[in-house]
Amino acid sequence: MLRIDDLVVRYGSAVAVDGISFEVGAGEMVALVGPNGAGKSTLINAISGLVAPHSGTVACEGRIAQVPEGRQMFADMSVEDNLLLGGWSIRNRDLGEVYDLLPDLAGMRKRKAGRLSGGQQQMVAVGRALMARPDLLAIDELSLGLAPLVVAELAEHLRFLNRERGTAVLLVEQEVTLAFDVCPRALVLEAGRIIAAGPSVELAQSETVRKAYFGDLAVAETMTGATAPATTEVSP
Amino acid sequence: MDRVNPRNVLVVVAAVAGCVAPFVMGDLTFLMRMLLAAIVVTGLSLLMGYAGQASLGQGAFVAVGAVTVAVGTTRWGLPPLLVLVAAPIVAGAFAALVGVPLLRLRGHYLAFGTLALLLMVQTAMSTLDFLGGAFGISGIPAFGVGGSVFTDQRPYVLLALGLLALVLFVTHRIVDSRFGRGIRALAGSETAAESAGVPVMRGKLVIFALSAMYAGLAGGLSAFFTPYVSPDSFPALESFTYVIMAVVGGLGTLWGGVVGAVLVSTLLQVLNLVSSQPQLPPTLGPILQYATYGGLLVVALLFMPGGIVPTVQSAAARAVSRRGGAGRT
Amino acid sequence: MTELVAYLISGIALGSSFALIGSGLVVVHRVTRVVNFAQGSVAIVGGMTSATLLNGLLPHGLGEIAAVVLCGVLGVLVGLLAIGRRGTPPLISLIVTLGASMLVSAAIIWLWGQDPVTPPGLEGSVTVLGAEVERQRLLVVAATGVAFAALTLFFSRSYLGKGLTASASNPFAARMVGIDVRKMGLLAFGLAGILGGLAGVLIAPSNPLSFYSDLPLVLSGFAAAVFGGLTSPLRTLFGGLGLGVAGQLTAGYLNGSYQTEMALLLMLVIMIIRSRALVQEEVK
């Protein structure tokens, strides 16, 4: 349902996304992992139409809604207003559906979004995106700055949404373990290109992928005693 | 290879034109006004372009300079040369004084704050009899040094030309100094400048006071030229005109102020001549004036955001590089 | 005592007009970060248009409404100049609106000449707590109250108003959920035009307006808006009322010509005292 073809995004002379192609099927959950500055956020903003591509195409059958990095609440407005505004593009003002899917939101609907905890805000961000009745949910950094327990709960909500509503999910995530756990398929980005793709289980096993980028911790865990791997510096 | 820099040619042409004009033109009031505006706008362009702060009330400092001359000559009988030197100093000191609280404001707040300052200076002038009161101060003597006294317009224009050259020279030296390079970071981001070790507040205050000194100098000279100073001599519209000239010429460029002052003054003079034809309605003058001001601001900012000088410069640079590129292949 | 009541009421009436003009500045600034210098000129157009329309063309009520609507359109036009071109920094937009206000001044002189114009207002006066008060002044206060109530309801209850608030609160997120922030900016300019026009229509019967009034009007409005940090319409209302009352008391007990200076001085003091907070709000 989402098809990216040879997408290139530039900021001035810097190339942030350098010829990326992939597809996301209807109802599929795909993880997009990679180090800081690999071009993940740029890619997701280009998919949502917030950044204009230099060349290439983004084709989507259906609606995309984004859960942005840093939650991006309308901080001085109520949770309910935040959710209502999520439905702006399709003039959807029916909150019932979202409250059914994420019942926690109903309990805090009068509270100011800026006063909520990070996890609650992330939930509002997901609910706000759902108000657009999306066929694809593009999530930028689900776990950033949140406690593991909260993240696990959010991940459970995502699986539930995917199961119940058939919403496809494109999950951009630095936390590789979480990403591979939630999404059966994954793409590994580095310096604006896809360097590996496939089922998450296989990628998690692939030595080359791990070595290439998985962060010191993951590599150190499996390669205890070995010499430290050469990490590649990626400039944005 | 010895190539003549086209910019230097332009500067020489402008200087020659400036020196010849006083001897060939009949009434020099227009030329004098233009030169005075150029002095003020050079300072304003420095403030807006380098310190990134807009002043909508630059006329306040022109007024301080003019009042210094008016009070110094008529009330205290001081020699003209002394008060002319004092005018920029008093204006600069005044700016440094009010600048301490005022420059804590930025952006819109400072723009409105400076405008408020101008209106309050006007009120002070019209209420304090010492500063002239509602009737203003008249009878300011002609400028002169020692025995020689200025008896007609020409020496004033030549003096203004010389002072403009001095102001440009000082500006050039300051912009090229270490202080100038530091202050340039201000227009971009104050936080960045601060973290780079630029003393933000002091830097802004120095530029603010310097621009006020230029304004005070112009005000002082104008008080000798038009020997009458009243609150109405410094309407807010005139301060807006300085902003227009600065914007049209190009902010943060050495010659932007001069170019803006010359172009805008000339355009207004032409419009003035056109609209003062006897068969035309008397309201045409103000209509054309306001429409021109507004149109200039809107068009200049939207279509030439850098102003004329940078636009022409970059166009020239492009032309030169194109020629250079063609030569190489 | 009677004197005091008279000063208070005329101060509140005057302050109401400051608040209307100031809230227009706030509405625009919240969404676009631009201070609309043409706000005073738009108010003048409102007063003068109502004078023309009420001179035999339209009955009372309709004439005023038509003038206010026209000011809304004028506001959008100013907005198109100020934010129509993408990437214009707010301070440059301020100077563009200064240009726009001069263009409006040219139009005012062209259409209405240079002399002050005053439309007919409510006739007569009533006695409030022993003080003789013109009915027009009471109308100004009542209309301002209604306008602020409507404005508050619009921002907090209507979907469009929420879209405006959202654009002000977080432009990135607003764009993300599909709000056209630029269109919202133009809407804000239109709304500001309506508020400014309303102010002009209301004050012109007791204070004749000429093209020359734009500066005092926009400055008083800005002074009121400063109390609200350029972001809060409600605090702008209180700021406007405070300034109006302070001005009338100064005029009444000290000297009439210091009235504007009083407002300016208060504005400067507030701005400088709150400069740190204001800068933060600006950055946010």
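All heavy atoms count here, side chains included; hydrogens, waters and symmetry mates do not.
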So, the part of A:Arg71 with a heavy atom under 4.5 Å from chain C: the answer is neither
C:Met176 and A:Gln66 have their tightest heavy-atom pair at CE-O, 3.5 Å
OG1 of C:Thr165 to CG of A:Asp81, rounded to nearest 0.5 Å, is 8.0 Å
Discussion item. Other residues, nucleotides and ligands only: do more than 12 of their heavy atoms fall within 6.0 Å of CZ on A:Arg3?
Written reply: no
Looking only at heavy atoms, the pair that brings C:Tyr159 and A:Leu85 closest together is OH-CA, 4.4 Å
Under a 4.5 Å heavy-atom criterion, the part of residues 86-98 of chain A in contact with chain C comprises A:Gly86, A:Gly87, A:Trp88, A:Ser89, A:Arg91, A:Asn92, A:Arg93
dist C:Asn170:CG -> A:Met73:CE (nearest 0.5 Å) comes out at 8.5 Å
Should C:Lys162 and A:Leu84 count as side-chain neighbours, where that means a heavy-atom distance under 4.5 Å? yes
**Prompt:** Is atom CZ of A:Arg165 surrounded by more than 12 heavy atoms (other residues, nucleotides or ligands) closer than 6.0 Å?
**Reply:** yes
Note: C:Ser169 and A:Phe74 closest approach over all heavy atoms is OG-CA, 3.4 Å
